[in-house]
J.: 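This is the structure I want to talk about, given as structure tokens.
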Protein chains: 4
Amino acid sequence: MSDRATAQSPPALTRWEQRAEGPLFVASLLFLLGYATRVLAPHHAEPWRGLSLVLVGVTWLLFVIDYAIRIRLSGLGHRFVRVHWLDTLVLILPLLRPLRVVKVYTAVQKRRDKPRLSLYARVMSYAGMTSLLLGFSAALAIYHLEHNAPGASIRTFGDAVWWACATLTTVGYGDVVPVTPVGRIVAAGLMACGLALLGAVTGSFSSWLIQTFRREDEKVPPAGG
Amino acid sequence: MSDRATAQSPPALTRWEQRAEGPLFVASLLFLLGYATRVLAPHHAEPWRGLSLVLVGVTWLLFVIDYAIRIRLSGLGHRFVRVHWLDTLVLILPLLRPLRVVKVYTAVQKRRDKPRLSLYARVMSYAGMTSLLLGFSAALAIYHLEHNAPGASIRTFGDAVWWACATLTTVGYGDVVPVTPVGRIVAAGLMACGLALLGAVTGSFSSWLIQTFRREDEKVPPAGG
Amino acid sequence: MSDRATAQSPPALTRWEQRAEGPLFVASLLFLLGYATRVLAPHHAEPWRGLSLVLVGVTWLLFVIDYAIRIRLSGLGHRFVRVHWLDTLVLILPLLRPLRVVKVYTAVQKRRDKPRLSLYARVMSYAGMTSLLLGFSAALAIYHLEHNAPGASIRTFGDAVWWACATLTTVGYGDVVPVTPVGRIVAAGLMACGLALLGAVTGSFSSWLIQTFRREDEKVPPAGG
Amino acid sequence: MSDRATAQSPPALTRWEQRAEGPLFVASLLFLLGYATRVLAPHHAEPWRGLSLVLVGVTWLLFVIDYAIRIRLSGLGHRFVRVHWLDTLVLILPLLRPLRVVKVYTAVQKRRDKPRLSLYARVMSYAGMTSLLLGFSAALAIYHLEHNAPGASIRTFGDAVWWACATLTTVGYGDVVPVTPVGRIVAAGLMACGLALLGAVTGSFSSWLIQTFRREDEKVPPAGG
């Protein structure tokens with residue numbers, strides 16, 4: 001949806017974005033790793049908990065720097081916050097960074113001569129990968145928010161992952177559910193994003209399957225049966 | 001579905017509809033605000049409860065007046081009730097008004113030179129916005145109907161919103177569910193409308209994603225990799 | 001899927017089918033009415049229970065006669081059972097009759113000059129109507145099978161309808177669920193049929209919405225904004 | 001997705017695959033039968049339990065031999081494991097074999113002159129059949145893993161099948177759910193595969209229905225109403 005805005009962006013910004021996307025993606029994986037260590041490490045595992053805090057802080061700083069550079073290069077000033085609302089959201093909630101994977105994907109793609117996978121396979125792999133990363137982020141956040149809440153049913157990280165699976169696929173058993181208000185807001189976000197992404201996976205798979213079967217049809221007749 | 005009927009409607013009716021849609025949309029938001037205040041305000045918050053009742057009454061009156069004017073202008077007489085059944089339904093159950101957002105959207109669109117968003121983005125934003133308003137209305141109605149029922153699991157407005165999220169996305173955890181007959185009828189309505197609307201969001205997102213990836217394909221080759 | 005078979009069917013059979021579909025549809029509604037009365041009437045409401053049994057018996061007999069006539073006219077002999085497997089299934093389980101609504105619809109359509117509704121609206125109304133009838137049939141069957149079972153959560157017909165809504169829309173709260181083996185088989189059937197039908201409703205609605213928005217696009221430019 | 005790889009495969013490999021697919025499919029059904037007997041037979045039913053173990057072992061050996069032959073014929077060496085990752089996965093987890101049904105289907109198709117079913121009907125039957133086999137495999141595995149676990153809600157094979165139905169259709173009542181970690185991993189796999197496959201069934205059915213209604217449109221006008 002920020003397509004149009006990108007089309008108008010000055011070349012310096014485009015160059016920066018192409019160069020920075022790779023490192024930023026690595027940074028966002030490191031952020032996730034740091035957050036995961038912070039959330040999952042036991043309270044007395046001090047060296048790791050300190051390190052993870054540093055990792056989270058440093059990577060977040062990188063995101064802020066990138067955002068500042070892009071405001072400067074875009075020449076949009078204050079309007080940048082509103083025009084690139086997805087980037088702004090992702091700066092405030094770095095756990096949503098996986099949503100920007102599509103840009104990394106495109107950047108990687110541009111360096112190759114031709115796409116390795118068919119259109120539907122690429123949509124499936126993009127949407128599937130994003131779902132996976134988002135689901136993992138949500139499981140971390142939910143575990144963080146819920147596991148000490150009174151009356152919580154999500155008590156272990158395994159429960160949180162199981163809950164994320166059941167939510168992303170809209171199965172929703174309801175054996176483990178978030179009970180805190182913030183946990184429920186995170187869950188609602190996961191439902192909304194996840195539903196759209198998984199719909200994309202399902203739709204692409206369906207289209208791919210129909211295409212495969214149609215191609216078989218075309219192959220058979222010339223072979224004379 | 002009332003497409004054909006609109007095509008045959010006299011110009012006076014079309015003009016009225018174009019002029020009235022904006023104010024009526026504002027009125028429907030005020031209705032929702034009034035109803036929300038009525039439902040959510042504590043029983044002793046008297047000045048607000050009285051005001052909200054007035055707001056609900058006045059906006060409803062506006063809807064009735066608009067309906068009467070449109071019957072007159074259409075020249076259909078009694079048949080109007082049946083031909084424009086969606087309008088009739090929306091008059092009786094003003095909480096369903098958000099379903100008519102598409103008309104407002106079109107009216108707003110006509111005043112601009114060209115659409116600001118691509119086709120799929122518009123379908124997504126329309127269906128998403130309608131889902132949001134419908135979900136909020138349903139949460140209000142369910143809270144109203146359920147929170148004092150014996151054996152109810154929906155006790156706070158937060159529970160009702162959480163239930164509406166889980167229902168609209170068809171996750172359906174079942175940790176909070178309506179138990180009264182009227183509450184269940186409202187819930188069934190939300191399931192039916194919400195499912196179709198969210199299917200539209202999902203389908204458009206999927207199409208948009210495929211389109212985006214396809215466009216990337218076309219951009220890459222001329223650039224010579 | 002019995003399309004090809006129909007294409008080869010002798011003219012006498014086609015004529016019979018066109019003439020019989022209307023009355024058979026009425027008969028299937030009467031069957032449903034009889035079954036509903038049988039299931040829902042209290043045990044001591046003797047005159048009604050007897051009448052409903054007669055109604056069920058007579059309408060079933062009509063289905064058998066129609067099936068026999070069609071075997072005769074088709075000239076397929078024993079193969080008819082296999083080729084027209086849907087008809088055979090529907091003879092044995094008359095509650096599935098709604099699935100054949102599409103034929104009635106086509107028959108009715110043929111008598112008119114042109115379809116009253118657009119393509120997507122027709123698919124939606126067909127699939128929606130079939131879902132409704134199937135859901136009602138399933139609710140009746142489930143209530144019949146479950147309401148006296150030990151440990152049942154479906155105790156009233158209202159519960160059964162509520163369960164059918166939650167199942168057809170794949171929300172699946174799980175507050176009321178079938179517990180008997182036969183009830184679960186009926187439920188699995190409803191899930192399978194319902195999912196496909198509701199997918200058709202959702203898909204058509206999504207396509208219809210995209211089409212509507214696209215048409216608006218085309219209308220706007222010639223008007224010069 | 002292994003389409004491209006297949007396109008480059010040497011003729012000897014293609015010939016082998018065409019010849020072996022039929023027998024391997026029979027072997028995978030026998031494997032399933034053996035596994036089912038092993039899981040479902042009571043502990044003291046010794047002759048059957050021994051036989052089923054032999055059946056599982058022999059069929060698995062066949063899969064290994066086929067895999068080895070295909071590595072040899074492909075001339076890919078170590079890369080075969082990565083390029084044909086689906087085949088590798090299916091060798092390690094033979095319960096996923098049904099996923100390869102599409103190849104069998106294509107092989108069978110090639111021997112006929114023309115397809116017996118329309119495109120959408122074939123996609124539906126393929127995806128439906130695969131869902132059925134996968135669901136049955138998952139029910140067996142879940143029953144195996146869960147029925148003796150402490151606090152398990154899946155206690156009988158009937159429960160496991162009921163759970164598989166509710167999961168594949170994303171209804172997810174949550175009355176019976178896996179509680180062991182391995183059981184939950186199997187369940188997550190079923191959700192992912194099943195969702196995509198059932199999406200294909202739904203999508204194809206929707207397309208087929210729209211196509212059928214469109215065809216009726218085209219038939220009606222020339223008949224002059």
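What you see below is based on every heavy atom in this structure, not just the backbone, and it leaves out hydrogens, waters and symmetry mates. So that the names make sense, note that chain A is the first sequence line, chain B the second, and so on, each numbered from 1. Note that the structure is predicted; figures quoted are calculated from it, not measured.
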J.: Using a heavy-atom cutoff of under 4.5 Å, enumerate the residues of residues 159-169 of chain D that contact chain C, numbered in order, or state 'none'.
T.: D:Asp159, D:Trp162, D:Cys165, D:Ala166, D:Thr169
J.: Please flag which part of C:Val171 lies under 4.5 Å from any non-hydrogen atom of chain D: side chain, backbone, both or neither.
T.: backbone
J.: Using a cut-off of under 4.5 Å on heavy-atom pairs, state which of C:Ala196, C:Ser204, C:Gly199 scores highest against chain D.
T.: C:Ala196
J.: For the backbone of C:Thr202 and the side chain of C:Ser206, can you confirm whether one donor and one acceptor N or O come within less than 3.5 Å of each other?
T.: no
J.: Answer yes or no: are there more than 12 heavy-atom neighbours, outside C:Arg72 itself, under 6.0 Å from its atom CZ?
T.: no
J.: Highest number of heavy-atom pairs under 4.5 Å with chain D: which of C:Gly172, C:Gly174, C:Ser207, C:Pro181?
T.: C:Gly172
J.: Where does the angle between the aromatic ring planes of D:Tyr143 and D:His147 fall among parallel (under 30°), tilted (30 to 60°) and perpendicular (over 60°)?
T.: parallel
J.: Backbone N or O of C:Leu30 within a donor-acceptor pair of the C:Thr59 side chain at under 3.5 Å?
T.: no
J.: What do the steps show when you test C:Tyr67 against C:Thr88 for side chain to side chain donor-acceptor pair (under 3.5 Å), and what is the final call?
T.: CA-CA 8 Å; C:Tyr67 191 76; C:Thr88 311; 2.7 Å; yes
J.: Nearest 0.5 Å, please: how far is CE in D:Met129 from CG in D:Leu197?
T.: 11.0 Å
J.: So, D:His144 side chain and D:Leu140 main chain: donor-acceptor pair closer than 3.5 Å or not?
T.: no
J.: Can you pull the salt bridge (Lys or Arg N to Asp or Glu O under 4.0 Å) pairs that have at least one residue in residues 137-147 of chain C, sequence neighbours excluded?
T.: none
J.: For chain D, which candidate among C:Val201, C:Val176, C:Thr170 shows the most heavy-atom pairs at distances under 4.5 Å?
T.: C:Thr170
